[in-house]
Amino acid sequence: MNISELTLVQTRLNALIGLPLCAAAREADMLLLSFGGEGLETQLTLRIQCYYRMMEQGGVILARNDVYQPAEGMWQMWEQMGYEHDYIPEDFRSDEPGANRLDECLERLNADLSGMKIETVMLNHLGDVTLCFACGATLNVLSDTSGGEECWRLIDEMDETDDLVVYGDGAELVQKGVE
């Protein structure tokens with residue numbers, strides 16, 4: 001990213017500081033994190049389409065590839081059906097709600113969002129972002145493409161301002177609703 005893009009992105013990301021994480025969800029393999037919430041004037045959504053991982057207490061609590069791994073309940077069901085321990089049936093569809101490990105991780109995260117207030121936001125010249133939460137958790141978002149594909153997007157849900165979109169090769173403001 002050039003200097004003007006870095007300045008734009010950091011300025012927009014700074015709006016996250018002090019906001020609590022109020023919901024975490026997924027659409028297909030995309031992570032959606034909502035910040036702000038009821039009673040606050042700001043509600044921002046971070047839509048992540050690239051590699052990400054959230055860590056807490058020295059371990060990974062969720063990561064992008066979790067969406068492709070079966071949920072614990074799927075493993076148990078398959079074992080009851082007589083399949084070998086690590087066998088994944090060919091008809092396994094990781095995109096079905098509740099079928100994958102990421103859905104389990106998001107359920108646990110949403111059950112206890114205490115301390116999930118953003119304290120620090122760091123950005124590097126590649127568009128990688130690190131969010132540090134009051135509880136000690138961190139979220140790393142890593143631009144994982146060398147081209148012009150969208151990596152992540154910051155959406156202001158309460159304002160008509162354009163979305164901030166970060167690509168593998170830069171950043172820009174994009175009119176709301178334009179993919």
Side-chain angles (χ1 to χ4, degrees), residues 1-56 60-68 95 97 100 102-103 105-106 109-110 113 115-179:
M1 271 191 254
N2 63 40
I3 278 290
S4 63
E5 290 171 330
L6 281 169
T7 302
L8 169 68
V9 174
Q10 187 66 59
T11 300
R12 287 287 181 105
L13 285 172
N14 285 346
L16 289 168
I17 296 172
L19 293 180
L21 176 64
C22 57
R26 75 166 176 93
E27 287 181 9
D29 64 348
M30 187 176 4
L31 182 65
L32 303 171
L33 300 175
S34 297
F35 297 91
E38 208 171 306
L40 296 176
E41 292 180 21
T42 305
Q43 183 160 348
L44 301 172
T45 299
L46 186 58
R47 187 175 88 175
I48 305 169
Q49 296 181 181
C50 59
Y51 184 79
Y52 58 84
R53 92 176 151 231
M54 185 176 279
M55 299 166 294
E56 188 174 36
V60 176
I61 60 173
L62 63 87
R64 184 176 195 279
N65 284 337
D66 288 339
V67 76
Y68 304 111
D95 59 341
N100 63 65
L102 181 59
D103 289 344
C105 295
L106 291 173
L109 178 62
N110 282 313
L113 293 171
M116 295 300 289
K117 182 185 276 190
I118 301 276
E119 286 191 334
T120 308
V121 177
M122 295 176 278
L123 172 72
N124 71 18
H125 68 285
L126 298 173
D128 299 343
V129 177
T130 300
L131 303 178
C132 300
F133 296 87
C135 64
T138 59
L139 174 73
N140 295 321
V141 178
L142 304 169
S143 297
D144 61 356
T145 179
S146 60
E149 294 82 22
E150 182 174 330
C151 294
W152 58 269
R153 179 180 293 237
L154 185 63
I155 303 164
D156 188 331
E157 304 290 353
M158 306 288 283
D159 197 345
E160 291 300 315
T161 59
D162 295 334
D163 295 347
L164 171 67
V165 180
V166 174
Y167 306 96
D169 60 358
E172 68 178 341
L173 295 175
V174 175
Q175 184 178 5
K176 277 202 180 308
V178 176
E179 297 298 313

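- Taking all atoms of both residues into account, the shortest heavy-atom contact from M1 to L126 is CE-C, 4.1 Å.
- Here the side chain of S143 pairs no donor or acceptor atom with the backbone of C151 at under 3.5 angstrom.
- In this structure, F35 and L131 have side chains that are in contact, with non-hydrogen atoms separated by less than 4.5 Å.
- Applying the side-chain contact (heavy atoms from CB on, under 4.5 Å) test to L173 and every residue at least two apart in sequence or in another chain returns L8, R12, D162, L164.
- Once rounded to the nearest 0.5 Å, the distance linking CG of D103 with CG of D95 reads 10.0 Å.
- Pairs passing the side chain to side chain donor-acceptor pair (under 3.5 Å) check and including a residue from residues 127-136, sequence neighbours excluded, read N124-D128, T130-N140.
- Between L40 and C22, every side-chain heavy-atom pair lies at or beyond the 4.5 Å cut-off.
- Judged as a salt bridge (Lys or Arg N to Asp or Glu O under 4.0 Å), the pairs with a partner in residues 139-150 (not counting sequence neighbours) are, in order, R47-E150, E150-R153.
- Rounded to the nearest 0.5 Å, atoms CG (L62) and CE (M54) are 5.5 Å apart.
- In this structure, the side-chain contact (heavy atoms from CB on, under 4.5 Å) partners of A63, at least two apart in sequence or on a different chain, are Y51, R53, V60, D66.
- Taking both residues in full, the closest heavy atoms of T45 and S34 are given as OG1-OG, 3.7 Å, listed atom of the first, atom of the second, then distance.
- Closest approach of A171 and V166 over heavy atoms only: CB-CG2, 4.1 Å.
- Looking at residues two or more places apart in sequence or on another chain, you find no side-chain hydrogen bond (donor to acceptor under 3.5 Å, both in side chains) involving E119.
- Among all heavy-atom pairs drawn from E56 and C135, the shortest one is OE2-SG, 3.5 Å.
- Listed by chain and residue number, Y167, V174 satisfy the side-chain contact (heavy atoms from CB on, under 4.5 Å) test with E172 (two or more places apart in sequence, or in another chain).
- A distance of 8.5 Å separates OG1 of T161 from CG of L154, quoted to the nearest 0.5 Å.
- Interatomic distance, CD of E157 versus OG1 of T42, reported as 11.5 Å (0.5 Å rounding).
- Using a 4.5 Å heavy-atom cutoff, the side chains of I48 and L139 are in contact.
- Taking Y68 as the reference, D29 meet the side-chain hydrogen bond (donor to acceptor under 3.5 Å, both in side chains) condition, with sequence neighbours excluded.
- Using a 4.5 Å heavy-atom cutoff, the side chains of W152 and V9 are in contact.
- Considering OG1 of T138 and CZ of F133, their distance stands at 8.5 Å, rounded to 0.5 Å.
- Not a single side-chain hydrogen bond (donor to acceptor under 3.5 Å, both in side chains) links S146 to another residue, sequence neighbours left out.
- In this structure Q43 satisfies the side-chain hydrogen bond (donor to acceptor under 3.5 Å, both in side chains) test with no other residue, sequence neighbours excluded.
- With sequence neighbours excluded, the residues that form a side-chain contact (heavy atoms from CB on, under 4.5 Å) with L113 are L21, L109, N110, M116.
- Residues satisfying the salt bridge (Lys or Arg N to Asp or Glu O under 4.0 Å) test with K176, not counting sequence neighbours, are D163.
- Listed by chain and number, the residues in a salt bridge (Lys or Arg N to Asp or Glu O under 4.0 Å) with D169 amount to none (sequence neighbours excluded).
- L44 pairs with exactly one of L16, L33, D159 by the side-chain contact (heavy atoms from CB on, under 4.5 Å) rule, that one being L16.
- Looking only at distances, no side-chain donor or acceptor of R64 sits under 3.5 Å from a matching main-chain atom of V141.
- Distance CD/E5 to CG/L123: 10.5 Å, rounded to 0.5 Å.
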